[in-house]
Amino acid sequence: MKELVEKIRKIFSDEKLELLIGYTKGTLPLRSTPGLIESADEADKLIFDFTCCNNLAKYLVDEKKRSGNTHRIGIIAKGCDARAVVQLVMEGQFERENVVIIGVPCKGVIDPSKLRKKLNGKEIIKFKVNRDKITLFGKNFELELNKNELFSDSCLSCRYPNAVQYDYFIGEPSEPLGVRDEYASVDEFEQKLPEKRWTYFEKEYSRCIRCYACRNACPMCYCEECFVDRSTPQWIGKGNDLSDTIIFHIVRVLHTAGRCVDCGACAAACPLNIDIRMLGKRIEKEVIERFGFTPGLDFETEPAMATFKENDKEEFIM
Amino acid sequence: MDTLKLQKGNLENFLQKLGEEFAVFAPVMSDGIVSFLELRPGQKSVLDFPRTHKPPKDIFYPQTEVMLRYGRDGLQSTEYKGKPIVLFGVRPCDAKSFILLERVFIEPKYKDPYWVARRNKTLIFSLACNDPLPSCFCNWLDGGPFNKTGSDIFITDIDDDYLFEPISEDGERFLSGVDILKEATEKDIKKAKNAKERAESSMEKPPKLDSLKSSLDTLWDETLWDEISLRCLGCAVCTYSCPTCYCFDIQDESRRGKGVRIRLWDSCMFPLFTKEGSGHNPRPLQKHRLRQRFMHKFNYFVEKQGEFGCVGCGRCVSLCPVNIDIRSFITSVIQTAQGRGDT
Amino acid sequence: MFNKNKSILIVGAGIAGIQASLDLAEMGADVHLIEQKSSIGGHMAQLDKTFPTNDCSLCILSPKMSECARHPGITLHMNSSLISINGEPGNFTCKIRESATYVDPDKCVACGLCEEKCPTKVTDEFDMELRTRKAIYRYFLQSVPSNYAIDAEHCLRITKGVCGLCERACTAEAINFEDTDKEIDIDCGAVILAVGIDAFDPIVYGQYGYRKFLNVVTSLEFERMLCASGPQMGHVVCPANDKPPKNVAFIQCVGSRDRENGRNYCSSVCCMYAIKEAIIAKEHIKGLDATIFFMDVRAFGKEFDKYYRRADEQFGVEFIRSRVAKITELPGGDLRLHFAHQDGGRDTRDFSLVVLSVGLQQRKDILDFSESIDIKLNDYGFCQTADFQPLDTSKPGVFVCGAFSGPKDIPESVMSASGVAARAARFLGLKRQKKVSKKEFPPERDVVGDRPRIGAFICHCGINIAGVVDVPGVVEYAKSLQNVEYAEDLLYACSQDCMETIKQRIEEHNLNRVLVAACTPRTHEPLFRETLREAGLNQYLFEMANIRDQCSWAHMNEPELATEKAKELVEMGVAKARGVTPLQKLPVDIDPRTLVIGGGLAGMTAALTLAETNYRVFLVEKEEKLGGNLRSIQFSLGDSEPQQLLEKTIENIYNNKLITVYTGTEIKTIDGYIGNFRTTVVPLHRGGTPKELQHGVVIVATGAGEYPTEEYRYKESKRVVTQLEFEKMLHNGVFTGKPMQNVVMIQCVNSREEGRDYCSRLCCSQAIKNALVLKRERPAADIYVLYRDIRTYGLKEQYFGEARDRGVIFLRYDIDNKPTVELIDPENPNSKLHVTTIDPILGKQVVINADFVVLAVSINAPEQNRELAQMLKVPLNEDGFFLEAHVKLRPVDFATDGIFVCGLAHCPKDIDESITQATAAAARAMTVISKMVVEAEGSICEVNSELCSGCGLCVEVCAYAAAEMDEEKGIAFINEALCKGCGACAASCRSGAIDLKGFTNEQIFSAIDSLEMAEILQHSGT
Amino acid sequence: MKTKDFEPKIMTFLCNWCSYAGADLAGVSRLQYPTNTRVIRVPCSGRIDPLFILKCLQDGYDGVLISGCHPGDCHYISGNYVARRRFAILKTALEFMGIEPGRVQFSWVSAGEGEKFSQVISKVTEAVKVLGPMRKLVKAANSLVG
């Protein structure tokens, strides 16, 4: 942490940054909160560890909307944050030269919604880490878990734990956790009967309260006005009718197709533990297999949905 | 009337009986989420679950409510005509939230017919919190784990039994007619008292909030709003999980000349909340929206209703995707004001 | 000079005639287009698909046909022929004969009732006699104009005075047996001949048994068999046994490259169409084997070689290099082909079906025709043209385009057609057009903000709709719909009196939206829109419901369900009509000046063509001298002299005051759009100051060069030279008076291979040209040409024969066994050379002693194309050549309006072809700059700047460069002058910031939402 | 419900230049096909926002057919190529979720393929009949009066 703070302090002044987006300690155990600091002096607030689950690229867009695109912003970037930054640059959301990407090695982050699920309504007051194990302490309970049980599903099969594009890299690059095969759960799910799959999605999405935390946590959702919020014409109903809700989730996935970097921010943000990632992951797989595109790796490759090949597969057309 | 007790083993029996006359809403676990649902026969309630994921306000004020249906043949109202309701196992903070909400929905000038239709037919059984969560802060806001405000009947868990204490007249009337309940003993009462003390002392000592309202009066333009709002995602997790937020939108959904008018929850966190037809938005930035939310709860509500518009349930604290903690906000408001010597 | 007339006569309405008509009409001419048949479209309408993209031929032709028929500047004379031309250029009087059709085209609604009733069956010419039609008929289903005609030769009423069933069947009273042939005179300034060609009739090739063996068909017959709307509905079966073929053989050069039969030319298109038909056939018929018997595969055009390779590698089409000697029929109809392999070994193969790839030939009546109008034909019966004037006939003021002047494929025909339009334009008294529309309309009523008052008009179409659909029922239903103020049924909505009725109702009922439920908007929308304009309503306040073509005709046996569908189509139409708003076509001012980039032959020709028609031109060339590649070309295949052409052209350029020449100058930036470009040019010499040019259009003529080869010891030996270098040596007399020389020419150097997969088109003729020059000078010289396929297409074929006659030796090599070149004395760089190659006929290695090795290196697109392409926002193909808007029908246009391409920048081509394309580019430019104002589309996209988040997806998906980013604001905007209204950006836009006017999201949602659904079920999840 | 009696309602989106023309040709050729389809004409298959298709399903149409120009034939150069990517993704998503593949179908029909158009309509109608009425994703009757 000391290395981080010192290096950031130096980068802050070397790069004449006006803002740095990183993480600071949260108010609850195992939680961090995004920290936006405006001077090198504040750098000692910064942390980076397995609690840093939010995708910070989100804040670059917010910041641009708030104050224009003129000043230089630094950003602490895990692999997924960096990929989101790349994709956002490709989408013209800000200039590459106005962003200083500070790569950090990610060894997996805790998904707060998974943590809540494990605790089943209880809350903890402290925790202890011992290698791969973590012990959680509450007022009158104790729970030992494997860290992987709390890590975001995205992390368990993450291929890019380190920033792929960066200006600085602090620390030694991490190896992918490789706990899970990336598409195993999608493939397994796909084996189920269509009726079961539909029932599953209905059950998941029926919990949705349309709080849009998934959308708002997503670095790729930056529309001035989301299609769900449109009136004249009203694209979809605004109540919590299940068909409207499901359409919202389908279209969100369609809109992030070929752009989603699978950071897991959407799933982590959901207060109702909805399996938001399943459908997105399937589409990600399709984009890779069909169009050979993985978003956010470089600044040259044309994003999948912005281009085409004359010989794109079309077996689905009658 | 005295306090009564029910053997834990008889709870199901009791609820089933209750179900004959009432629509009984109790905490139910469904797909890992605990919320107040109408108990179906044989369905188990998870009474010991510390805090339901969703607040119970949607029983009187559903997220989407059909207000009326219309067609070429006129209007058709959709007033609640169901059974009377029992809300069973509501925690004290949530029970208190109804009192706050009713200052809007019932009193004094305008009565919301949809709320009233259900609320007037409802008995509230609240359940004391023996183990308040670390994120709970009801004791900051004139509440507590054993606070009885808003309850008709107050239940305490004393290991083998539940104590039922009538609070309101309705509660008393109801309890007098239930023969499955027995008289509570001195020992039982003592146990309850111990539980109360234990629970209250397990909570951290609250800061003094006397100056909160007046502090906010002076902080309209503070950079403090920037600091928090920069992190805020602008989602509705806090508002929709809040037992005292009540803002709504009204929409028509129609097709071929027929349609419904629905009322649905809205959130002051959304830019569209205040966007006007002209395209102008008086609260263009997240900072303005966040300020609105805090001001509403800790300043305007106090001004209008004489108390804070927050019950300290802690849901927003634990659910916020970016860990914005309303408690630290409250303390920093007081500190900022004090630092400036305004109060 | 002479009394200029605005009219022009164009003879023949195939694709060339159509294109020439459209271009001239756009320039403001009054076009008379005459056509012998009862539909325009020509041979292209008969094709199923087109190479090398497999585009559906009719899909791309139909819009052009209807545009042609609708254009106010074009008068169609159907069933007509040209009899004589009198007078002088600029002031001709032409006599034409319009044959009687016995059907009044103004009354006929093409309902087809007459056809049903007609008892006489006649073999159908359009479908190559593969099916029958009636004596009253349409030339083909999608005929334009769509009306019927009576075939007088076969009509019983006309020939025998009996029958007349059609007359009774026709509810529109369109049949008129009193009709007679008419002769009319047309005064015009110039005449364009686009009379086209015929397909060769292979009956003279007795050995192939055409007409004797049923399963031997011609390629054009096969084309119809493959076509989904053809006689077999695309389900190919062998005529002898009605079974799908197991395998099919194509025999190439039937009626082409055949000196004995006096057909010493190559038809240019057969190799490609055979490959196309083979691919399509394999797609149609599962498991079909296709074999092509050929002499050389002449895939010389743009992207052709890739297509050839795909046929081979991807589709598994078999190619056998052999001339089939004869065909015999087997019992059951199968055919046995007798042929010799290259090594002389004889062989036979059996096929279910044999397709004769018949060549193009002069039309049967061409001799009489040419005599009657006094123009000269060449030896093969094609129209004669002079040196370097490929578009001019022997008669001044009379021009030629299309395949009449020699075999051409579609894009070449289109190029020549546009070109001829520019050649002819100077004989016409054309002025810049001030107004967009020729017709005056009353001012438009302002309806914005008014509650929709929709008028719904339901057409009976005689009994075409009313015979199935309960029209009064639909009217009643329409009346019940929200905002429908008025509804009425009409007998023929498109008839003149019904249109008057509609206008009247608009006034009486103060209607502000109109819905017509009738036939298809594709043909009738323009008509009704005009009616609205006449009634003082904006033309976009209109919607159509197709209850005929897509309802009554498709559900003839289900009147109730058809009625229900018609009601709902009307309801959807009403829903959409509620949301229509008046749209304006944005007028775009046009600067009449042109920027021509590149001062080679193409650029100069384009500049001169424009200047000679009184338009100002800026001609920018990066070299210090004009001329480009032409400066290196000393000889031609015939006796014309390229250097004279060069001199004369440069002289003309400098003598023309309308042309400003900037040599030694580079393009720095180009901004703007059609009509309004601003270009900065910078002189390359030191101290030159940049200059800004303003112009309305751009012609890209940047040329191409020889590929810098490193093959065949080119870098090591001075005796290895390129063809251009060799030509220079010949010109400089290097070989004069020297001992006998051995020359080996190697073809396809850096061409037609991995990474550079295209044919450079010119090299075969260039090699033969230089071989002939050398032979003329030194007949004893031994010249070897090592080749892969000799591609002397078209009339160049005769020189291939001449070269062989003169003793030039042609040795083929395979790509896998390329020749090698060695210095005989490796120590001496001036040493003579050994060329080793494998003779595929003998199968043996051959070593040739060579004094010189001449390399036909490929033509190479310059690197700088990329930069220019980016500035202009136009695309390049894989090989770095500029990519036109459409390979078939828009060969000189870019998708972006106002930018055109010609010459080698587009792809390799010879002098005449460059001249043709350059003239075409000038013509296309003139269609723009001849107007002071052009109108953008009305139904175009717009960006709601409040909603745009500037992600740039629209910019990526727009094919017309119409969506752009405002870098300052960080949001997108649509250049209204360029948008074509496809809506791809609107559907891509995640935030719904883009909408397509006329097809808005709201309108489409309303249409979707408008219908009563049978049952909306309780949702299982709630 | 017996599938025999079930007459599905199917929405079709046809591009103006190819498929709509192909549909016209089917009519001109008097090729007969089922009456179950309704038509929305769009300039290009590239105009079709996936949400249009979802909206149809939500409204209770039992099937949706989208038809455009064959690859290479697009009147707007590349609209159908862009659309093809969009459709591939939508189709994957819907089928993964368990919506029957027959509900939303895509075809390329050219202006000359009247026969193919009528066959496509027959095939789609038949397939949707077999599937029965659309139930998934249909907007609940209790929140909206149909």
Side-chain angles (χ1 to χ4, degrees), chain A residues 19 21 24-29 31-36 51 53-54 58-59 62-63 65-66 112-113 116-117 120-125 138-140 203-204 206-207 209-218 224-226 229 231 234 237-241 244 265 268-274, chain B residues 29-34 46 48-54 62-66 131-136 202 226-227 230-241 249 251 253 262-267 269-272 275 285-287 314-315 317-325 327-328:
Chain A
L19 184 75
I21 305 168
T24 57
K25 205 168 163 340
T27 64
L28 302 172
R31 294 297 304 272
S32 67
T33 187
L36 290 85
T51 66
C53 68
N54 299 107
K58 163 101 213 148
Y59 294 102
D62 284 356
E63 188 53 28
K65 280 187 188 168
R66 202 176 63 103
S113 76
R116 280 197 299 272
K117 226 167 168 174
N120 195 27
K122 300 200 180 78
E123 287 179 350
I124 58 169
I125 40 183
K139 272 184 180 166
N140 41 22
K203 197 184 74 188
E204 289 299 306
S206 65
R207 293 201 298 278
I209 53 168
R210 306 278 288 264
C211 69
Y212 305 130
C214 49
R215 174 189 76 186
N216 290 16
C218 175
E224 290 294 327
E225 188 172 296
C226 179
D229 293 329
S231 48
Q234 193 183 67
K238 297 185 186 347
N240 51 359
D241 178 275
D244 286 325
C270 181
L272 292 151
N273 306 339
I274 298 169
Chain B
M29 168 89 80
S30 166
D31 298 330
I33 295 298
V34 177
V46 284
D48 53 347
F49 197 83
R51 176 174 68 212
T52 56
H53 289 90
K54 295 201 231 172
Q63 181 159 9
T64 306
E65 178 156 44
V66 177
D131 293 304
L133 294 171
S135 61
C136 290
S202 78
D226 283 308
E227 281 160 24
L230 283 181
R231 293 183 281 144
C232 176
L233 296 177
C235 69
V237 166
C238 50
T239 42
Y240 288 180
S241 67
D249 187 16
Q251 296 261 342
E253 289 188 4
I262 53 176
R263 170 164 82 181
L264 37 114
W265 291 0
D266 202 350
S267 169
M269 293 291 103
F270 295 153
L272 236 60
K275 193 171 172 186
L285 296 180
Q286 197 53 31
K287 151 178 146 173
R315 284 189 182 88
V317 177
S318 89
L319 291 176
C320 176
V322 292
N323 188 213
I324 291 175
D325 191 326
R327 298 173 300 179
S328 22

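The figures that follow rest on heavy atoms only: side chains count, while hydrogens, waters and symmetry mates do not. Letters A, B, ... mirror the listed sequences (proteins, then strands); counts begin at 1.
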Structural part of B:Lys54 lying under 4.5 Å from a heavy atom of chain A: side chain

Side chain / backbone / both / neither for A:Pro112 at chain B, heavy atoms under 4.5 Å: neither

B:Leu264, part contacting chain A, at a heavy-atom distance under 4.5 Å: side chain

Top contributor to chain A contacts, counting heavy-atom pairs under 4.5 Å, from B:Leu233, B:Asp266, B:Asp131: B:Leu233

Heavy-atom check, side chain of A:Gln234 versus side chain of B:Gln251, under 4.5 Å: yes

Per-residue contact mode, A:Ala268 against chain B (heavy atom under 4.5 angstrom): neither

Contact origin within A:Lys58 toward chain B - heavy atom pairs under 4.5 Å: side chain

Portion of B:Asp48 that has a non-hydrogen atom of chain A nearer than 4.5 angstrom: neither

Heavy-atom proximity to chain B below 4.5 Å, by part of A:Asn140: side chain

Which atoms of B:Leu133 approach chain A - backbone, side chain, both or neither, heavy atom under 4.5 Å: both

Atom group of B:Val317 that falls short of 4.5 Å from chain A, counting heavy atoms: both

Portion of B:Ile33 that has a non-hydrogen atom of chain A nearer than 4.5 angstrom: side chain

Backbone N/O of B:Trp265 and side chain of B:Tyr240: donor-acceptor pair under 3.5 Å: yes

Contact winner vs chain A - B:Leu230, B:Val46, B:Asp325, B:Val34, heavy-atom pairs under 4.5 Å: B:Leu230

Top of A:Ala213, A:Gly121, A:Gly26, A:Cys214 for chain B proximity - count of heavy-atom pairs under 4.5 angstrom: A:Gly121

Test item: B:Pro132 and A:Lys139 side chains (from C-beta on) under 4.5 Å apart, heavy atoms: yes

Engaged part of B:Met269 at the chain A interface, taking heavy atoms whose separation is under 4.5 Å: neither

Largest heavy-atom contact set with chain B, pairs under 4.5 Å, which of A:Asn120, A:Ile124, A:Leu36: A:Asn120

B:Arg51 side chain near B:Ser318 side chain, heavy-atom distance below 4.5 Å: yes

Sub-4.5 Å side-chain heavy-atom contact between A:Pro271 and B:Ser241: no

Heavy-atom pairs under 4.5 Å with chain B, option from A:Ala269, A:Cys53, A:Pro34, A:Gly237 with the top count: A:Pro34

Side chain to side chain donor-acceptor pair (under 3.5 Å) against B:Arg315, all qualifying residues, sequence neighbours excluded: B:Thr52, B:Asp94

A:Tyr212 portion near chain B, given a 4.5 angstrom heavy-atom threshold: both

Interface moiety of A:Ser231 toward chain B, non-hydrogen atoms closer than 4.5 Å: neither

Pair A:Thr27-B:Arg327, side-chain donor/acceptor within less than 3.5 Å: no

Top contributor to chain B interface from A:Lys122, A:Glu63, A:Lys203, A:Lys65 [non-hydrogen pairs under 4.5 Å]: A:Lys203

A:Asp229 versus chain B, the contacting section by heavy-atom distance below 4.5 Å: both

Side chain, backbone, both or neither of B:Cys320 within contact of chain A (heavy atoms, under 4.5 Å): backbone

Contacting moiety of B:Ser202, where chain A heavy atoms sit under 4.5 Å: both

Largest heavy-atom contact set with chain B, pairs under 4.5 Å, which of A:Asn273, A:Ile125, A:Leu272: A:Leu272

Region of B:Val322 in contact with chain A, defined by heavy-atom distances below 4.5 Å: both

Contact winner vs chain A - B:Thr239, B:Asp31, B:Leu319, heavy-atom pairs under 4.5 Å: B:Asp31

B:Ser135, part contacting chain A, at a heavy-atom distance under 4.5 Å: both

